[in-house]
Engineer: 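So that we are looking at the same thing, I have put the structure below in structure tokens.
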Amino acid sequence: MKRYMPLILIGVILFVAGGDKVFPGAVGKVSTQTRTSVNNFLIGRFPSWKPKTNPYKRTERELQETEQK
């Protein structure tokens, strides 16, 4: 069994990567759904980065002060 694990892993990766183009019908839909689920999971693991500070805050404040004068 240990000997076949790399082949099984490669087969699963190929199925998820391009199964919807190769297999017709329901099997292709399963491949697409699996790929979408994996993508959403990975995107959820890495939330979008947001800076802690506003780099333009000082500039905006200076512009407002200049406009008020």
Side-chain angles (χ1 to χ4, degrees):
M1 184 66 177
K2 202 176 197 183
R3 193 169 135 187
Y4 297 112
M5 286 306 287
L7 294 175
I8 293 170
L9 183 61
I10 291 171
V12 168
I13 291 172
L14 289 175
F15 173 73
V16 170
D20 56 329
K21 294 175 179 53
V22 177
F23 298 112
V27 179
K29 289 180 184 179
V30 170
S31 172
T32 303
Q33 290 172 349
T34 305
R35 184 173 53 248
T36 303
S37 297
V38 169
N39 284 342
N40 290 336
F41 173 76
L42 292 175
I43 289 171
R45 300 300 299 159
F46 301 103
S48 62
W49 178 79
K50 295 180 182 174
K52 294 179 182 176
T53 61
N54 184 357
Y56 303 111
K57 184 176 182 179
R58 192 182 92 206
T59 305
E60 290 172 356
R61 186 178 41 207
E62 291 293 327
L63 285 173
Q64 287 176 358
E65 289 176 7
T66 305
E67 289 174 355
Q68 290 176 357
K69 292 182 182 179

Engineer: Quick check for you: to the nearest 0.5 Å, what is the distance between T34 atom OG1 and N39 atom CG?
Structural biologist: 11.0 Å
Engineer: Under 4.5 Å between side-chain heavy atoms, hopping through other hydrophobics if needed: is there a path connecting V16 to V27?
Structural biologist: yes
Engineer: Out of curiosity, E65 CD to E62 CD, how far, rounded to the nearest 0.5 Å?
Structural biologist: 5.0 Å
Engineer: Atom OG1 of T32 and atom CZ of R35: how far apart are they, to the nearest 0.5 Å?
Structural biologist: 5.0 Å
Engineer: Mind checking whether V38 and F41 sit in one hydrophobic cluster, side chains of I, L, V, M, F, W, Y counted as touching below 4.5 Å?
Structural biologist: yes
